[in-house]
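One structure is given here, and the rest of the page talks about it.
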Amino acid sequence: MKNLIRNIIYQGKNLLRDAGFSFWVMLYPLILAMFFNIAFSGMMDIELTNIDVGIVDENPIEQVLEEIEFINIHKITDEEVIEKLDNEEIHGFIDEDLNLTVKKSRINQTIIKEIIEQIKQMEKLNRPIENYDFEANYIVDRNQKANSIIVAFFSLIAMFSTYSINAGISTVSLTQANLSNIGVRVNSTPLKKKNFLLAGVIVALFLNLLANGVLLLFVKYVLKIDLLKNIKYSIILIIIGNLFGVSLGMFIGVSNKKSMNTKILIGVASTLFLSFLSGMMGPWMKDVIDEHIPILARINPISIISNNLYRINILESTKTVGEGIMILFSYCGVLILLSYMFLRRKSYDSL
Amino acid sequence: MVVEVKNLVKRYKELIALDHFNMEVEEGEILGLLGPNGCGKTTAINCILSLLNYDKGEIRVFGEKMTPNSYDIKREIGLVPQEVSVFENLTVIENIDYFCGLYIDYKNKRKQYVEEAIEFVGLKDYTKFYPKKLSGGLKRRLNIACGIAHKPRLIFLDEPTVAVDVQSRNFILNGIEKLNDEGSTIIYTTHYLEEAERLCKRIIIMDKGRGLVSGTNEELKSMISTSEKIVVGFTEIEDETVQNMKNILHVMDIEKAGEDYIIKFENGFNNLVNLMNFIEENQLVYTKLQSQLPTLNDVFLELTGKELRD
């Protein structure tokens, strides 16, 4: 235990004093957040105040929908549904049994779906729907509305939660005699490799979580964007994002003998690409993915984190969090297992 | 016996890095491993330390079979790798303390050992420096301190004086002698033959993964055919006369070195008289005449050849 603590302290010092690490993990997120704030602010707001919903006359939830300020009700017949959806006159159609028909799967459609789910739940609980305050629950405050910048920021947070990838790469390199000079020295000592590695993983998680915390505080208090409402689930998602980052970093670090810079580049490029697919560079990408390759949004780890952050903090729904956490844990498990195949070696064919 | 290596074979695909290599190191000695680049010195050390797999052979350290899990044996070993292997973002004292702490659990004892190591390598004025701020020689000294701070019984020093100035080199060599005086057994690899000549009680010359010869300095020198070299310079000499010099008794070879000639003799040490007679007979005027005994360099070149390696 004493040895583990010493290793954590020294590996922590070594990583924290690394100029590259400090820039990419501590400073770069703040710079990018600032850049995003300038680039997206007020440019690409999504009109969440005008969600057009089609219903047939005498639909039992008509009254409920009328009470929701940002919903525009269109009374149509069953025959008109397809045409109205095709012409984008309505975002979705709700039938009498509360089934939703949509043509696209975007933010407005997601909100309609969440409303229906809420109504169904209230019915199941035999609670009067009139008592439910949809306005309070579905983003009507203009200052807090779910617009493009929010989507981008959640992607940004998701991406930086996986930036522990860098520390993961660095840790395994130091552990392996065939990957670094320090690895040669460490492997010639009585220190067990797993202890060194464990210390490295703890350091990686701690420092990246610290950097994530700084980013969130920066966004909240400097950029004045209040992102996190559900702190508990948000933190869980960010921690798992960190765990995924370390696991991926370990795998990238240990599975090949490319230079450290190349490995870091592979790590950064892969997280950046996944973040791009999750809508970090603009929500249009997320829409394209949701519409054409929805499975990609379900398996992309950055999308899982950012979408769930969006759902729990903006839509106040924790429904898909469990599934997301399970998928991310599975990724971590697979990556750690694959890394272990390389890491368990104690002597090497070549150094 | 501190280290015993028997019939060690290590292959890198088609290349045989170690070809039935044998080595024995006795307690308290400094053993020199010499050889051209790529001859297998570092590979041998890495195999002994169980960092590298090997195809065949047996390695025993302190009488026990060495494996990657031989943590008790590793506790008694210190390694000074060829490359400077320290944390770039830890200071000198932090680096030494970190590596010493992997062997020594007790804080006070470790503190004392770290201070002694700093004193030993002469880095007292640099304890708060980061490695990147140190010169090549100081970095090498830090590399050594990290490997020896825990006072190991057996130390592997893999070319510890590469790219350091003469003063630093002398300082390092003095330190190695001191370590040996304090009881450490040392396995020392180097390209600098004069270092081996100065430090090592026994030397193994390796080439192409094999141990060519093993013995003390004197034993090695007696193994080669050159027994004496005479360096001579003339005011003027014709090529034909130089050719005739080869007929002097025991002359093996004549090499031109700048303005001088190096005449190699293969038998005995009293060849100067014969050379003087030749000079007198041919009425030559000499400007320089110097008799030299063979050096380790001669042994090395005669055994490993003069072709360039990597």
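Naming: A, B, ... by sequence-line order, numbering from 1 per chain. These numbers were taken from a predicted model, which means no experiment stands behind them.
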Exercise for review: Could you go through the side-chain contact (heavy atoms from CB on, under 4.5 Å) check for A/R17 and B/L90 one step at a time?
Suggested key: CA-CA 8 Å; A/R17 289 174 188 165; B/L90 294 184; 4.0 Å; yes
Practice item. Please assess A/T189 against B/K74 for the test side-chain contact (heavy atoms from CB on, under 4.5 Å), listing each intermediate value before the final yes or no. Key: CA-CA 6 Å; A/T189 72; B/K74 286 182 176 180; over 6 Å; no
Review point. Highest number of heavy-atom pairs under 4.5 Å with chain A: which of B/S70, B/S50, B/G78?
Key: B/S50
**Study point:** Inter-residue atom distance B/L102.CG - A/K192.NZ, 0.5 Å rounding
**Key:** 13.5 Å
Review point. Checking heavy atoms, do the side chain of B/E88, its backbone, both or neither come under 4.5 Å from chain A?
Key: backbone
Exercise for review: Mind listing the closest non-hydrogen atom pair of B/S85 and A/I182 along with its distance?
Suggested key: C-CG1, 4.0 Å
Point to revise | Engaged part of B/Y130 at the chain A interface, taking heavy atoms whose separation is under 4.5 Å | key: side chain
**Study point:** Student check: side-chain heavy atoms of A/V184 and B/E83 closer than 4.5 Å
**Key:** no
Exercise for review: State, to 0.1 Å, how close A/P190 and B/Y103 come at their nearest heavy-atom pair, and which atoms those are.
Suggested key: CD-CE2, 3.3 Å
Listing, residues 15-25 of chain B side-chain donor-acceptor contacts under 3.5 Å, not counting sequence neighbours, or none:
| residue | atom | partner | partner atom | Å |
| --- | --- | --- | --- | --- |
| B/H20 | NE2 | B/K56 | NZ | 3.3 |
| B/N22 | OD1 | B/N7 | N | 2.7 |
| B/N22 | ND2 | B/H20 | O | 3.4 |

Exercise for review: Would you mind reporting whether B/Y98 and A/N7 have side-chain heavy atoms less than 4.5 Å apart?
Suggested key: yes
Check your understanding: Between B/F87 and A/L174, does a side-chain contact (heavy atoms from CB on, under 4.5 Å) hold up when you go through it step by step?
Key -> CA-CA 10 Å; B/F87 290 99; A/L174 295 177; 3.8 Å; yes
Report all side-chain donor-acceptor pairs from residues 253-263 of chain A shorter than 3.5 Å, counting only partners two or more places apart or in another chain.
| residue | atom | partner | partner atom | Å |
| --- | --- | --- | --- | --- |
| A/S255 | OG | A/F251 | O | 2.6 |
| A/N256 | OD1 | A/K258 | N | 3.0 |
| A/N256 | ND2 | A/I252 | O | 3.0 |
| A/S259 | OG | A/T262 | N | 3.2 |
| A/S259 | OG | A/T262 | OG1 | 2.8 |
| A/K263 | NZ | A/G253 | O | 2.7 |
| A/K263 | NZ | A/N256 | O | 3.1 |

Practice item. With the side chain counted from C-beta on, respond yes when B/N143 and A/R185 share a heavy-atom pair under 4.5 Å apart, and no when they do not. Key: yes
Practice item. To the nearest 0.5 angstrom, please state how far the CD atom of A/Q176 sits from the CG atom of B/L51. Key: 11.5 Å
Check your understanding: Is the number of heavy atoms from other residues, nucleotides or ligands within 6.0 Å of NZ (B/K128) greater than 12?
Key -> no
Point to revise | Over 12 foreign heavy atoms within 6.0 Å of CD, B/E58 | key: yes
Review point. In terms of heavy-atom contacts, does CZ of A/F329 have more than 12 from other residues, nucleotides or ligands at under 6.0 Å?
Key: no
Practice item. Mind ranking B/N69, B/T43, B/D72 by heavy-atom pairs under 4.5 Å with chain A and telling me who comes out on top? Key: B/N69
Review point. Heavy-atom distance under 4.5 Å between the side chains of A/K13 and B/N89, does that happen here?
Key: no
**Study point:** Residue A/F273 excluded, over 12 heavy atoms near CZ under 6.0 Å
**Key:** no
Review point. Near B/Y71 OH, under 6.0 Å, is it more than 12 heavy atoms from other residues, nucleotides or ligands?
Key: yes
Point to revise | B/V86 versus chain A, the contacting section by heavy-atom distance below 4.5 Å | key: both
Exercise for review: Measure B/C47 against the heavy atoms of chain A and call it side chain, backbone, both or neither at under 4.5 Å.
Suggested key: neither
Review point. Roughly how far, to the nearest 0.5 Å, is the CG atom of A/N187 from the CG atom of B/L52?
Key: 11.0 Å
Point to revise | Over 12 foreign heavy atoms within 6.0 Å of OH, A/Y10 | key: yes
Exercise for review: Count the heavy atoms of every other residue, nucleotide or ligand shown that sit under 6.0 Å from CE of A/M341, and state whether that count exceeds 12.
Suggested key: no
Check your understanding: Side chain, backbone, both or neither: which part of B/D97 has an atom under 4.5 Å from a heavy atom of chain A?
Key -> both
